[in-house]
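These notes concern the structure reproduced below.
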Number of protein chains: 2
Amino acid sequence: MNKLHNMTAPVHLSQLKTACSSCSLQELCLPFGLSDAELEQLDNLVQRAQPKLRGEYLYRAGASFQSLYAIRTGFFKTQVMHEDGREQVTGFHMMGEIIGMDAISTDHHTCDAIALEDSEVCEIPFGRLEQLSRDIPSLQRHLHKIMSREIVRDHGIMLLLGSMKAEERLATFLLNLSQRFASRGYSPNGFHLRMTREEIGSFLGLKLETVSRAFSKFQKEGIISVQNKSIEIKDITALKLTMGQQECRT
Amino acid sequence: MNKLHNMTAPVHLSQLKTACSSCSLQELCLPFGLSDAELEQLDNLVQRAQPKLRGEYLYRAGASFQSLYAIRTGFFKTQVMHEDGREQVTGFHMMGEIIGMDAISTDHHTCDAIALEDSEVCEIPFGRLEQLSRDIPSLQRHLHKIMSREIVRDHGIMLLLGSMKAEERLATFLLNLSQRFASRGYSPNGFHLRMTREEIGSFLGLKLETVSRAFSKFQKEGIISVQNKSIEIKDITALKLTMGQQECRT
DNA sequence: CGGCCCTTTGACAGGATTCAAAACCCGTGG
DNA sequence: CCACGGGTTTTGAATCCTGTCAAAGGGCCG
């Protein structure tokens, strides 16, 4: 089991399996032992999809917390900011993922969420979600799993940031993206990066030049093909090898 | 508001405010709008304190998940492990904190928890906690806050690992410890480290030699006094300055 | 008291950052 | 349709921080 593959991923909306017909994502509407009445309640909970244009903030650090957000389409980044101005991208989030859970602790958002492309989100009022999850144990359990998954994901990133070299980080990042695209029915081998080198660098704890160099090196080695933001993975085995490349100390 | 101060901290048991008389921590037994009957239910939920000797595992990655653990006394570290053997300390946990929430997502623990000194923990069967939290909304909200707080903490560590230099990391770490000791009624200026330089290094994404050098440098500058595992903070202002020392780029 | 682990310190190597410049892409507007 | 301009990306060279290797010192426990 590779924890790193969970790195940026999961917290998939399908885990909530909310009857999100207002999101018109059929796959998410699969019941998980819910009665029709319960499904309808879930359905009513989730607000109609809201559009967000590229560059728009979904929420800002400090804003008061009302809702979680399920990403229906598009791509977001979340970032925390240090008082001295440094900022750290804490995640890239795609279709089906739920963001905003950091805000529960203080009733205020602790990070910014910004659309990296034109996107749509479904708002999930948290108070009502809590209320409903009191009546529906399986929903309650799902909510807990989703939050827990976020914790596990963060631990994977800590491992990456704390103990990997630049190329290992980038390889891990690419494989994670690949897997997440694949699980959504897109090609795992070719995809389009929505974020800049600088944003990738911030997420991976590297400078943009280092990210660029690593891309170039992978391409020179024939592991991937890079054309601006388009990535093609040509040798996934080599990429996985790069990811884990580090002599095991006894 | 300094997010970093939450870095390794919180998820304080007092947030759960469980009627943890079996933990005999009076401060934690303060009701938060609970009836006597509810308090008794909480009380029954939490198992009698279990002792753990230094070096003992509280749980291991892969073990099936049953319970969260509230640390009654002592000190634990949690660590995740990469398949190639690399490991990363994800946190140091002290009295009053709750650990094990990463396991909810998969019903299996995803990290090891190891006692760094002789300790006592209270086991909280998670299924029953969920059950009870369905009946007691304020308990439910508390549980969510505690999990969310863990997420926020992890984001702070990601910021540290992703954008701070060695000395900034160590300064942040020391200030975090200081604050956590203070909030428990201990001196914020002098305390005893329970972990080795290597464990600090793993947590901070540094090698043990780098940690040692940073300690030495702080001591030479008169910011702290180090004597093995005993730390005395002599100039907390300078320490805070060190933490935030990085030119703001426009 | 001895052995083991932890810690400190030095010298050196290496990887990542920094600074700089040029090329490139893309959206905008002429 | 093409030219322009700003942001993004690439690449090079030099620097700096951290890691690596090594050795010695120190503390703790049996």
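Numbers restart at 1 for each chain; the letters A, B, ... are given by sequence-line order, proteins then strands. Note that the structure is a prediction, hence the values are computed from the model and not measured.
- Of the two residues near DNA chain D, B/Val211 and A/Val226, the one whose nearest nucleotide lies more 5' is A/Val226.
- Salt-bridge formation is not detected for the pair A/Lys52/A/Glu120: no Lys NZ or Arg NE/NH1/NH2 atom is positioned less than 4.0 Å from an Asp or Glu carboxylate oxygen.
- We find that CZ of B/Phe218 is positioned 16 Å from C1' of C/dT8, with the value rounded to whole Å.
- Between B/Arg194 and B/Glu117 there is a salt bridge, with a side-chain nitrogen of the basic residue lying less than 4.0 Å from a carboxylate oxygen of the acidic one.
- Look at CG on B/Leu204: it is 12 Å from P on D/dT18, rounded to the nearest Å.
- In this structure, B/Asn228 places its CG atom 15 Å from C1' of C/dT9, rounding to the nearest Å.
- When the nucleotides D/dC17, C/dT8, D/dT11 are ranked by their closest atom to the side chain of B/Lys165, D/dC17 comes out on top.
- Judged by distance alone, with hydrogens and angles left aside, B/Arg213 brings a side-chain donor or acceptor within reach of the base of D/dT20, the pair sitting under 3.5 Å.
- Taking only distance into account, the side chain of A/Glu209 meets the base of C/dC19 through a donor-acceptor pair shorter than 3.5 Å.
- The phosphate of D/dG19 has OP1 or OP2 within less than 4.0 Å of a side-chain N or O from B/Thr210.
- Looking at heavy-atom distances under 4.0 Å, B/Leu208 makes contact with a base.
- For the pair B/Gln227 CD and D/dG25 P, the computed distance is 19 Å after rounding to whole Å.
- Salt bridge B/Glu221/B/Lys217: present, at least one basic N to carboxylate O contact under 4.0 Å.
- For B/Glu167 and D/dG19, the CD to P distance is 12 Å, given to the nearest whole Å.
- Neither OP1 nor OP2 of C/dC6 sits under 4.0 Å from any side-chain N or O of B/Arg197.
- Contact annotation: A/Lys207 reaches the phosphate of C/dT18 (side-chain N/O to OP1 or OP2, under 4.0 Å).
- Between A/Arg180 and A/Glu97, at least one side-chain N (NZ, or NE/NH1/NH2) sits under 4.0 Å from a carboxylate O, which counts as a salt bridge.
- One can place NE2 of B/His192 at 13 Å from P of D/dG27, the figure rounded to the nearest angstrom.
- The side chain of B/Ser216 has C/dT8 as its nearest neighbour among C/dT8, D/dC17, D/dG19.
- Nucleic acid contact for A/Gly205: sugar-phosphate only, since backbone atoms but no base atoms lie under 4.0 Å from a heavy atom of the residue.
- In this pair, A/Phe75 and A/Phe181 present their aromatic rings parallel. The plane angle is below 30°, not in the 30 to 60° band.
- Regarding contacts with the backbone of C/dC6, every side-chain N or O of B/Lys229 stays at 4.0 angstrom or more from both OP1 and OP2.
- The distance between atom CG of A/Leu170 and atom P of C/dA16, rounded to the nearest whole Å, is 11 Å.
- Summarising the geometry, the separation between NZ on A/Lys217 and C1' on D/dT10 is reported as 17 Å, rounded to the nearest angstrom.
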